[in-house]
Structure formats: C-alpha cells, structure tokens
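Structure first, then comments.
Each chain gets a letter, A, B and so on, in the order its sequence line appears, and its residues count up from 1. Fair warning: this is a prediction, and the values are worked out from it, not measured in the lab.
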Amino acid sequence: MAVSWLSRLAARGPATVFPALGMQGEEAFYQLALHPEIELVDSPRHASLLLVAGGVPPELHEPLRRVHDQLPAPFTTLWYQSEPLLELQQAGVVRVDSLEALPDALVDAHRKVLRGELGVSPRLLVDEPPNPWRGLGDDGHGGEGMMGGVPYGRPMAMPPTQDLRDGLALDTLTFRLGPFFPLWPAGLEAEVILQGDIVQQFSVQSRPFPRAMSPVFFDAWEHAMSIARLERARVQYHLRALFHALHLAGLPDLAWRALRLAEACDRQTITALEKGFKDFERCLKRRGFFALHLPTCGTLNTEHAEALGGFAARAAGIEGDARRDDEGYRRLGFSAISQQAGDTQSRWRQRLAEVAQSLTLAARAQQNDAVTATTGVVETPRGVWRDERPGDASALLEKLLPGLEWGEALATIASLDVAGVSQWARP
Amino acid sequence: MNTSFFVDVVFILLALFAVYTGWRVFRTDSMVRASFFLLLSFITVGAIMLLLSAMYLGVAMFFMMGVEMMVMALFMVMFMMNPAGLNPMMMVHQHKLSIGAGIASFVILAAMALLSRFPVQPLPAGLEPVSSLGNELLGDSMLIFESAGVVLLATMIGVVVLSSQRGRFGSAQEGSMPPGLEPGGEPAGMPEEDSGAGGHHHGH
Amino acid sequence: MILDQLIWPLLLVFATLGGGVYLLAVLDGLAARSFGLPQAQSVWLLPLSRGAWLLSQQANVTEAPDWWGWRLAPALYLTLAAIGLALVPWSRDWVATDITTSLVLWGSVEALATVVIFLQGWSANTHLALIGAYRYVALGLSYILISMFVLIGVTLPAESLALTQVVASQQELWNVLRQPLGLPLFLIVGLSITFRGPFNLADSTDLAGGTSVEVSGPQRLVWEFARSAMLVAFSGIATTAFLGGWLGPWLPGPLWVMLKMLAVLAILAWLGRWFARITPERCISLMWLALLPLSFIDLIWAGVEALL
C-alpha cells in the first residue's frame, strides 16, 4: 500500500530522461529541453528513461549498450527516429517517430515505469568486470613498481611524467569519455589524460556527428534568399549553442531563456526579438557569465583560426566575412565585427555581438525586402561555404586543450563548433 | 577513582576501536583507506581526551586530524603511481620484523600504562580549560609556540619555492643556468660538468 | 529537567533537520521560478515527488567501489550536519550540545565534511567522481580558514568559545552590526562548503554531476538531503553567531531562531541560483587574495573593538 502511494507521488514528478543523441538527434533535444515536465539529465544514473534520438551507427552500438546498462532499475528506453537494438526489440520498446508525440510519450513511459507496469528492465551486457583486477605476481607486486600489469584495465601512472605546471609532477589519470557524453558535441569520443584536473593530452577517437543546419542556408547557396530569413536562422543557431554553454555554466534559467528566444526566432517580430535579446544579454553580464565563468584561455593562433573560419576566426582578429562581398548586405550597411583576443571569452562576445548585428540587419532587411545578391557562397554561422561545406575541426581540440583545466576545457569546446555541417538540411 | 560505569564502558569501547583501526591501517590494501583508518583511530583518541575533560584538546584533535589525513589521502591519490589509490597494493615490508616490533611496543606501552602509579591530582573545581590553556600559550610558553609557528610558516613557504619549476635563472627544464661573466661565456660560478639528473627510475 | 535539557532540544534539532531541508528545497524552487525557469509541479510538491522517485530507484553499483566508504558517505555527511545543528542554542536553557568549545567542534565538523565529500567521490572508483572529489579538497582548505577567522572574531566580544556565551554577548548589539564584514564572508563560506551555486565545483555540471555522477536511488536521496542539512546547520550557526540567536521581543526563543534561519536560507538559496559557476583559478584567487585579507581585517576590527 505504502509502496503504491510512494510510486504515485513519484509518478507525478518530472520525467527524468538521459538523451543519447545519434545523428540528427539535436532537434528532439531542443524541443524537449523547453518542456517543463521533462528533465534532461547529464548522467545515465540520474535518469529513469533512456531516449535514443537519431540514428546510431553500428560501431557505436557497444557504447550504447554500456550506457543502457548504467540506468538504474526501473527504467525503459524510447527510440526516436532510430532503429532499436536487436536485443531490445523483443522487449517491446517504444518507438516514436513524430516530434509532437515525443514529450507525451516520454511522460507516459515515466508514469508506466514508476507504476511497475513494464516488468523487469532488461540488461544487455554480462555482469562481469571487463578487465582482470589482479596485478601480476603475488600481492600484485610483479612487473613495474609496486603493482604489476594493468589492473582494472587502468594504465599505471609511471614517473617521470612532465607536468605542465609548477610543483611536483602529479600522477596521470587516463580515461575515455564516450560518444554519448552530453556536455560536448554528440558523437565525440576522446581519450583524455589528466594530471590533477589539467588536461595533458586529448586525443579524439571518434569524430562528432555532422550537424544539420537550417534549410535556409542550403537554399541561400542555390538561389537568392531573403536576408531577414537568413539572419533569423543565424540568430537561432547561435542561441542554441549558447544554451549548451549556459547549461555548462550552471545557469539553467538563462539557458532555458536562450532556447525560448531561439524557438521564437521564426515566429516573433524583429522588434520583440531585439528587445528580448537585449534584456537577455544584460542579464548574462550581471549574472557573472563572463566575469565568473568564461575563462580567458583556449586562444586560437592565426593558422588554426584561419582554418576554422566563421565567428572563431573573427574573434581571433581575422576579419573575413563572406557577407562583405554580397551586394544585398552592402546596401544594408553591413560591416564585419571582430575581437582581438582569440580566447573563449572573446568568442562568446563575438557571437553575442553577431546576434545583435543579425537582428539589426534583419530589421532593416524587412523594411526593404532585401535579398542576397550572390549564390554559390554563403556565410554560415559555422564558417564560409564556398565549394565545400565547413568540415569537421575536432583535430583542433588535440592542440588546443592541453594545459587547460577540465571545466575550462569543456567551456572551450562549447565555445567552438567543431562538428562539421551535414549534407542534409534539418527537416 | 570514582568514574561512573558508563564512562568506563565508553572508554573501553573507544580504546578497542582505536586499536582495531590502527591495526587496519597496516592490513588494508589501499593507501587512501590507510589514511582514513588512521583518521578514525585519531578521532577515537580525541573522543577519549574528551572523556578526560580535555575539552579543547579533544575537539582540536578532531579538527586537526581531519584536515591532516585529508591532505595525506590527497597526496596518495596525487603521487602514488596508483590510479586513484584504489588498485590493490601491499604497502608493508619485512612482515615478521614489523609485526614483532609492533607487538613488542604495544606490550611495553600497555605495561607502562597499567602498572605505573599515576599521581592523584584531581581537577581543581572551577577549572576553565580554554582560558588556562590560553594563559599557558601566551604566558609562560609564548616563546616556544611563537617560534614554532614561525618555523612552520618558513617551512611551508620553502616547500612552495622548492617545488617551483622556475629557477632563479630560468626554467628548471632548461637547467636554470646563470648567465656567463662575458657574453656567450661559460655560466658563472658553476662547478665542472656534472651528470644530469637520473632519468627513469621506479620509486617506492 | 531531563525534558528541558535533552528531549526538547533534540526534538527541535530533528524537526529543524527535516523541516529545514524541505523548506530549503521549496525556497530553491521559488528562487528558480522567480528567475523564470518553469517548474514541473507546484514548489511544495516537487521536493516530495523527487524524494519519492529517488526512493523507488535502485541504488546502483560500479565495478569495484570502496563499499563501506561509498554507502556510508551520505549518512556520515548527514551525521556531521546533525552534529553541527546540535550546537545551536534554541533558548537560554535549551541547547542539545552545550560544551565550552562548541565553535571548535563546528570547525571540526567543517574539516570532517571535507573528508566525507572526498570519500563520496573517491569511493565510486570512477574518473569524473574522483575529479570532483579532489577538486573540492584542493579548494576546501581556503574556505575553512576564512570561516575560522570570522568565527574567532565573533568569540572576542563573548570572551568564550561557547555558542551560548556568543549569543549572550549580543544582548546590546547583534554581531552583524558590530562586525559588518563577518556575515557576508560567512555566507560565502557557507555556499562554498556545501558546494552550492557559484562554488559548486564538486557536483558541477561540467563533471556531469561530479561526486554524485554514479550515485542513484536512496543513496542519492540521502546525499542531497545531507547537503541541504549542512546548509541548514550553517544557517543555524550564522544565526547564532551574527544574528543574535534566540534574542528578540514577544516571540519565544526557538521561534526566533527558526525565523532567522529561514531568512538566511532564503538569501543563500537566491544567491545560489543567481551567479554562474566560478572557475577554480578564479575561486582560489578570490579566496586567497580578496576574502582572506578581508577576514583578517574583520578579526583586527573585532580585536580593536574588544580592547576599547
């Protein structure tokens, strides 16, 4: 009796979902983040529902199984626009393919799971440690130093290891952080070597999935496009990236506001958007986003900045913008903005300044019904698209992140956009 | 000695727990666990001091040992070549000798505690432990404590300076050599060529 | 007499632990709503349904944790918070733990809390939890120093280390007015020691939950409960040391203590939600270059005032 009363109380709470994003799964993620009854969590241990959004390529099925087995019972899985794993198809998992039905399906699954209507949660992997725990020799004394072999599958920290800072050289901690880590681009898998909490080495094992951009940019490459629509799409892109950075900064209410502004980009009038954005930017500064959280590290040198292009290059002082060569923009009085220092803080200042600039341009363009003059070259928010779409830049992280503290490293990854642009537009 | 029965029972339990956790320091297989067992042992001793009416010293024991053992455990994680200090490792050597020495010293100290006659000095009525301790620290024993404090501070600063990689003449990585007496000459005041610091060695 | 000396104060401590934690969760929800974040339920029901949900979840296992340390760490943290709250005097005669060195015991509660938080992160035997644990310990020493200097400043007018005497010394003037630097510094330290809001470097989002990344189910419930309980204990000590404890007209002593604690908790909940999380570099600079000198100034101020 008491158990059912407790589970009824629990079922009324928010549905805790761990989003494992596959290819093109971000759209569902942003819709769910706005829903008040769904809570997207950062660790699979904190969730009751596993949402696999977007297709997961076969080489990532093993990490997906490991993530699946980390959820605590009782739990269930939902698959959005993704083929469920073979082992799970017999268990009768829910597959939803329409975005409107997804939030209700999640809330419904949460209630069913807590009321115990879904039976035993299946486990996919064997419950055995994957690496032997004993070292070599008796008491693990054989081999190197005081322990032998690779107990628990962890490489030993052998001295001398060069530490990048003052003081005694700390031991190294090596681990892999997988493709479904929610705090960096989906699909990025990296082997990280830390000393203390400073990153010593960051090697990318698997690149992030290419991101789908708004179809407006694809159309603008082919024919003339209304500048107002183009700039609105640009604003939406930057605000969605800001959501991730604000979530990382521990400001969930500002993150939600950024995402709401992003969703309103298509519908609201430009004046309302401008006013909303100005209030929002003032709030950002007052709450210490720049002063407290964003580090002044992660500086791009000239060669990297030029290779990356887009707002990151402009933040490093390289004034290249394909919109300068466009007659339509020139008539609206466009001039490229740039910052001097190429670090994380200046990249965010640059992005916020570009959003404000885009809103002004869109307001002016709307009055004159201006359109772009050139085709075959588009300044996407990610970089310039001339003959090829902007590609993946995750190799840059291997050179940029060593020497950064862990939180600063994640903030730097959030300030860049390392995923390439997918060949398909967002539906 | 007219202590109450309850205090006796508590004392015996605390003493047994202190000895048990002290033994576990050597039998456990992880350095971090060893530090925390030592912490438990010290906390129990602090509780015994509270039973002896040493109000300040007992509570200060909790305070100091908490931070000390925490720093020791952190050093284990940082420097012990044992990722996270959780991999099983055997940390004692010369088992027979150390067990013998441990038992012998325990027997000697226990004999001293149980068989010697302590003087009968009941606490004066109206003793204020904190103010009498303060008067002692800043009165008769001020020189000892103040000089000890300054020496500790000098040691701490010295440790930070010694572990800095910036030598007086540049980074320690590049040898930190002083400039020559003539431009481009030999480094001034340096002895003859000495071999570089030993490279790869497995320390204990 | 046993009723007065033992039963009532202990009942008050337990009631404040339970009620205080619930009210802190409600205040946190109210703060979130005032900033515009929509809540899934009413703020009064949300803590209860989250608690019920955590109870219904399984407490998971990792590959080879330190079982004793991992399972016991939340309970130990809760015990430390209860010990801290037991030091608060509810009225002239009602104190659960009345020893002459209660402020030193509070200091040892803060120091042992560092140990327990490290134990929670390290025992899980996973990398993100370990990073959260030692990041907290690396910064924890700074917080403890500042809190101790500020509390020593409070003992000078009282001429005693006992919290009952500290309250008695505030009959004419509360310490928040007599030593104006004390309460703001103590509140900042409170946020740091319970790693909340801008100082949340132990359970932070950039570690996907830090020390609690692998914790689920009832263990997580006790951990979150213990974190809030520590903040409640902190507000109890802040009320006693700076806001005059049970002193106040018309209402009985315990009610004044609870009202003042509620006010401090509301301020802390709001501050916890307002600021972004600070980076460790800036935190160390802030603590050692700004707040520690300020606490020295506070101590000198208190000393000069005691001499005059």
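Considering only heavy-atom pairs separated by less than 4.5 Å from chain A, the leading option among C/D206, C/L37, C/L201 is C/D206. In terms of non-hydrogen atom pairs under 4.5 Å with chain C, the most contact-rich of A/L71, A/L194, A/L248 is A/L248. Of the listed residues (C/Q57, C/E281, C/R50), the greatest number of heavy-atom pairs within a distance under 4.5 Å of chain A belongs to C/Q57. Highest contact tally toward chain A, considering only C/P280, C/G51, C/A32, C/C283, is held by C/P280 [criterion: heavy-atom pairs under 4.5 Å]. Heavy-atom pairs under 4.5 Å with chain C were tallied for A/A409, A/A255, A/P14, A/P44; the largest tally goes to A/P14. Most heavy-atom pairs under 4.5 Å with chain A, from the set C/S212, C/A40, C/A138: that is C/A40.
Residue contact with chain C, scored on non-hydrogen atoms closer than 4.5 Å, is absent for A/A15. Using a 4.5 Å cut-off between heavy atoms, C/L45 contacts chain A through its side chain alone, with no backbone atom that close. With a 4.5 angstrom heavy-atom cutoff, C/R277 touches chain A via backbone and side-chain atoms both. Only the backbone of A/L294 comes within contact range of chain C, with at least one heavy atom under 4.5 Å from a heavy atom of that chain. Heavy atoms closer than 4.5 Å to chain C are found in the backbone of A/A291, but not in its side chain. With a 4.5 angstrom heavy-atom cutoff, A/F18 does not touch chain C via any of its atoms. Looking at A/L284, neither its backbone nor its side chain comes within 4.5 Å of chain C, counting heavy atoms on both sides. For C/Y134, the part sitting under 4.5 Å from any heavy atom of chain A is the side chain, from C-beta outward, and nothing else. For a residue to count as touching a neighbouring chain, one of its non-hydrogen atoms must lie under 4.5 Å from one of that chain's; by this rule C/Q39 touches chain A with the backbone only. Interface remark: A/F75 contributes no atoms to any contact with chain C (heavy atom separation under 4.5 Å). At a 4.5 Å heavy-atom cutoff, the contact between A/L183 and chain C is made by side-chain atoms alone. For C/I131, the part sitting under 4.5 Å from any heavy atom of chain A is the side chain, from C-beta outward, and nothing else.
One distance of note links CD of C/Q58 with CZ of A/R45; it measures 9.0 Å at 0.5 Å rounding. Annotation: the span from C/T279 atom OG1 to A/H293 atom NE2 amounts to 8.0 Å, rounded to 0.5 Å. A/F175 CZ to C/L128 CG: the interatomic distance, rounded to the nearest 0.5 Å, is 5.5 Å.
Summarising the local packing, CZ of C/R71 is surrounded by more than 12 heavy atoms from other residues, nucleotides or ligands at distances under 6.0 Å. The environment of C/R33 atom CZ is sparse: at most 12 non-hydrogen atoms of other residues, nucleotides or ligands sit within 6.0 angstrom. By the 6.0 Å contact criterion, CZ on C/F296 is enclosed, its count of non-hydrogen atoms from other residues, nucleotides or ligands being greater than 12.
Look at C/R282 and A/E408 and you find no salt bridge, because none of the NZ, NE, NH1 or NH2 atoms lies under 4.0 Å from a carboxylate O.
For the pair C/S56 and A/L114, the tightest heavy-atom approach, listed with the atom from each and the gap, is OG-CD2, 3.4 Å. Considering all non-hydrogen atoms of both residues, A/F181 and C/A208 come closest at CE1-CB, 4.1 Å. Across C/P38 and A/P36, no two heavy atoms sit closer than the pair CB-CB, 4.0 Å. Across every non-hydrogen atom of A/L9 and C/S49, the tightest pair is O-CB, 3.1 Å. Closest non-hydrogen pair, C/W53 versus A/S48, comes out as NE1-OG, 2.7 Å.
In this structure, A/R257 fails the cation-pi test against C/F35, since its NZ or CZ atom is not both closer than 6.0 Å to the six-membered ring centre and inside 45 degrees of the ring normal.
Checking C/V213, C/T205, C/L207 one by one against A/D42, the side-chain contact (heavy atoms from CB on, under 4.5 Å) holds for a single residue, C/T205.
For the pair A/H46 and C/E214, the minimum side-chain heavy-atom distance is 4.5 Å or more.
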Quick one: do A/L6 and C/L55 satisfy side chain to side chain contact (heavy atoms under 4.5 Å, CB included)? Show the steps, please.
CA-CA 8 Å; A/L6 210 61; C/L55 272 178; 3.9 Å; yes
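Looking at A/R287, its side chain does come within 3.5 Å of a backbone N or O of C/R273 through a donor-acceptor pair.
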